[in-house]
Amino acid sequence: MKKATKIWLWAALALCLGTTALNLSEGRWLSVAIAAVSIAGLCVLLFTQRKAGYLVMCLCAVGSFLVGSAQNIQLLGAPTAILMSLIGSALVPGITGLFLKSQWDQLR
(Lines give C-alpha, C1' and ligand atoms only; values in the text may rest on other atoms or scores of the structure.)
Protein backbone atom coordinates (compact mmCIF):
# COMPACT_ATOMS: atom_id res chain seq x y z
CA MET A 1 0.00 0.00 0.00
CA LYS A 2 1.32 3.43 -0.92
CA LYS A 3 2.43 5.86 1.77
CA ALA A 4 -0.19 8.47 0.77
CA THR A 5 -2.93 5.87 1.15
CA LYS A 6 -1.71 4.90 4.62
CA ILE A 7 -1.60 8.56 5.66
CA TRP A 8 -5.16 9.05 4.41
CA LEU A 9 -6.35 5.92 6.23
CA TRP A 10 -4.85 7.17 9.51
CA ALA A 11 -6.54 10.56 8.98
CA ALA A 12 -9.81 8.80 8.14
CA LEU A 13 -9.51 6.71 11.28
CA ALA A 14 -9.08 9.86 13.39
CA LEU A 15 -12.03 11.51 11.62
CA CYS A 16 -14.27 8.49 12.13
CA LEU A 17 -13.32 8.17 15.80
CA GLY A 18 -14.13 11.85 16.34
CA THR A 19 -17.48 11.55 14.60
CA THR A 20 -18.30 8.43 16.59
CA ALA A 21 -17.47 10.23 19.83
CA LEU A 22 -19.81 13.06 18.82
CA ASN A 23 -22.61 10.61 18.03
CA LEU A 24 -21.98 8.88 21.34
CA SER A 25 -22.24 12.15 23.24
CA GLU A 26 -25.58 12.86 21.53
CA GLY A 27 -26.95 9.38 22.29
CA ARG A 28 -27.21 8.22 18.69
CA TRP A 29 -26.67 4.58 19.53
CA LEU A 30 -27.50 3.09 16.15
CA SER A 31 -25.09 5.49 14.46
CA VAL A 32 -22.41 4.56 17.00
CA ALA A 33 -22.92 0.84 16.34
CA ILE A 34 -22.67 1.32 12.57
CA ALA A 35 -19.60 3.52 12.99
CA ALA A 36 -17.91 0.94 15.22
CA VAL A 37 -18.31 -1.71 12.52
CA SER A 38 -17.08 0.77 9.90
CA ILE A 39 -14.03 1.61 12.03
CA ALA A 40 -13.32 -2.11 12.35
CA GLY A 41 -13.43 -2.37 8.55
CA LEU A 42 -11.11 0.62 8.25
CA CYS A 43 -8.67 -1.04 10.65
CA VAL A 44 -8.80 -4.29 8.67
CA LEU A 45 -7.98 -2.34 5.53
CA LEU A 46 -5.20 -0.33 7.18
CA PHE A 47 -3.50 -3.07 9.17
CA THR A 48 -4.08 -6.23 7.11
CA GLN A 49 -4.61 -4.63 3.69
CA ARG A 50 -7.68 -6.70 2.93
CA LYS A 51 -10.37 -5.73 0.45
CA ALA A 52 -13.00 -6.95 2.89
CA GLY A 53 -12.25 -3.98 5.15
CA TYR A 54 -13.16 -1.54 2.40
CA LEU A 55 -16.29 -3.49 1.51
CA VAL A 56 -17.41 -3.40 5.16
CA MET A 57 -16.85 0.37 5.16
CA CYS A 58 -19.03 0.74 2.06
CA LEU A 59 -21.85 -1.35 3.54
CA CYS A 60 -21.69 0.70 6.72
CA ALA A 61 -21.84 3.88 4.65
CA VAL A 62 -25.17 2.75 3.21
CA GLY A 63 -26.47 2.03 6.70
CA SER A 64 -25.14 5.34 7.97
CA PHE A 65 -26.86 7.18 5.13
CA LEU A 66 -30.22 5.57 5.88
CA VAL A 67 -29.99 6.10 9.64
CA GLY A 68 -28.68 9.66 9.32
CA SER A 69 -31.43 10.61 6.91
CA ALA A 70 -34.12 9.10 9.12
CA GLN A 71 -32.77 10.74 12.28
CA ASN A 72 -32.60 14.23 10.78
CA ILE A 73 -35.55 14.35 8.39
CA GLN A 74 -37.94 16.10 10.81
CA LEU A 75 -35.29 18.48 12.09
CA LEU A 76 -33.86 19.56 8.72
CA GLY A 77 -36.45 18.56 6.14
CA ALA A 78 -36.07 15.74 3.66
CA PRO A 79 -33.83 17.33 1.00
CA THR A 80 -31.34 18.78 3.48
CA ALA A 81 -31.27 15.66 5.65
CA ILE A 82 -30.67 13.42 2.64
CA LEU A 83 -27.96 15.66 1.20
CA MET A 84 -26.12 16.06 4.51
CA SER A 85 -26.37 12.36 5.27
CA LEU A 86 -25.10 11.48 1.80
CA ILE A 87 -22.09 13.75 2.18
CA GLY A 88 -21.35 12.54 5.69
CA SER A 89 -21.64 8.85 4.92
CA ALA A 90 -19.94 8.86 1.50
CA LEU A 91 -16.97 11.10 2.26
CA VAL A 92 -14.54 8.61 3.83
CA PRO A 93 -15.40 5.59 1.63
CA GLY A 94 -15.37 7.78 -1.48
CA ILE A 95 -11.96 9.31 -0.83
CA THR A 96 -10.62 5.94 0.29
CA GLY A 97 -11.86 4.40 -2.95
CA LEU A 98 -9.98 7.03 -4.94
CA PHE A 99 -6.79 6.18 -3.07
CA LEU A 100 -7.31 2.43 -3.52
CA LYS A 101 -8.33 2.54 -7.18
CA SER A 102 -4.80 1.98 -8.50
CA GLN A 103 -3.88 -0.44 -5.69
CA TRP A 104 -6.96 -2.68 -5.60
CA ASP A 105 -5.23 -5.69 -7.14
CA GLN A 106 -2.45 -5.51 -4.53
CA LEU A 107 -4.90 -5.97 -1.66
CA ARG A 108 -5.71 -9.44 -0.37
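Bear in mind the structure is a predicted one, so any value in this text is a computation, not a measurement.
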Original post:
Between the main-chain N or O of Ser85 and the side-chain N or O of Ser89, is there a donor-acceptor pair closer than 3.5 Å?
Top reply: yes
Original post:
CD1/Ile73 to CG/Leu75 distance, rounded to the nearest 0.5 angstrom?
Top reply: 11.0 Å
**OP:** Assert yes or no for the condition that the ring centre distance of Phe99 to Trp10 is strictly below 6.0 Å.
**Re:** no
Original post:
Gln49 and Leu46: which non-hydrogen atoms are nearest, and at how many Å?
Top reply: CG-O, 4.2 Å
**OP:** Report the distance from atom CG of Leu42 to atom CG of Leu15, rounding to the nearest 0.5 Å.
**Re:** 10.0 Å
**OP:** Keeping the roles fixed (side chain from Ser25, backbone from Leu22), state whether a donor-acceptor pair exists under 3.5 Å.
**Re:** yes
**OP:** Verify the neighbour count for atom CE of Met84: are there more than 12 heavy atoms of other residues, nucleotides or ligands below 6.0 Å?
**Re:** no
**OP:** Assess whether side chain to side chain contact (heavy atoms under 4.5 Å, CB included) is satisfied between Leu13 and Cys43, documenting all intermediate values.
**Re:** CA-CA 8 Å; Leu13 183 59; Cys43 288; 4.0 Å; yes
**OP:** Report yes or no: do Val92 and Ile95 belong to one cluster of Ile/Leu/Val/Met/Phe/Trp/Tyr joined by side chain heavy-atom distances under 4.5 Å?
**Re:** yes
Original post:
Are Tyr54 and Phe47 joined in one hydrophobic group, where the rule is that I, L, V, M, F, W and Y side chains link up if heavy atoms are under 4.5 Å apart?
Top reply: yes
**OP:** Mind running side chain to side chain contact (heavy atoms under 4.5 Å, CB included) on Arg50 and Leu107 for me, showing each step along the way?
**Re:** CA-CA 5 Å; Arg50 295 190 182 271; Leu107 299 175; over 6 Å; no
**OP:** Output the distance between atom OG1 (Thr19) and atom CG (Leu91), rounded to the nearest 0.5 Å.
**Re:** 9.0 Å
Subject >> In one Ile/Leu/Val/Met/Phe/Trp/Tyr side-chain cluster, 4.5 Å: Leu100, Ile39 >> reply: yes
Original post:
Where is the tightest heavy-atom contact between Met1 and Leu45, given as atom of each residue plus distance?
Top reply: CE-O, 3.5 Å
Original post:
Closest approach of Thr96 and Trp8, non-hydrogen atoms and distance?
Top reply: OG1-NE1, 2.8 Å
Subject >> Trp29 side chain near Leu24 side chain, heavy-atom distance below 4.5 Å >> reply: yes
**OP:** Taking all heavy atoms of Gln103 and all of Lys2, pick out the closest pair and write down the distance.
**Re:** OE1-N, 2.9 Å
Original post:
Closest approach of Asn23 and Ser31, non-hydrogen atoms and distance?
Top reply: ND2-CB, 3.8 Å
Original post:
Is the shortest heavy-atom distance from the side chain of Ser38 to the side chain of Val56 under 4.5 Å?
Top reply: no
Subject >> Hydrophobic cluster (4.5 angstrom, side-chain heavy atoms) - remaining members for Ile82 >> reply: Val62, Phe65, Leu66, Leu86
Original post:
Of the non-hydrogen atoms in Cys58 and Pro93, which two are nearest, and what is the gap between them?
Top reply: SG-CB, 4.3 Å
Original post:
Between Arg108 and Lys51, is there a donor-acceptor pair closer than 3.5 Å when you use the side chain of the first and the backbone of the second?
Top reply: no
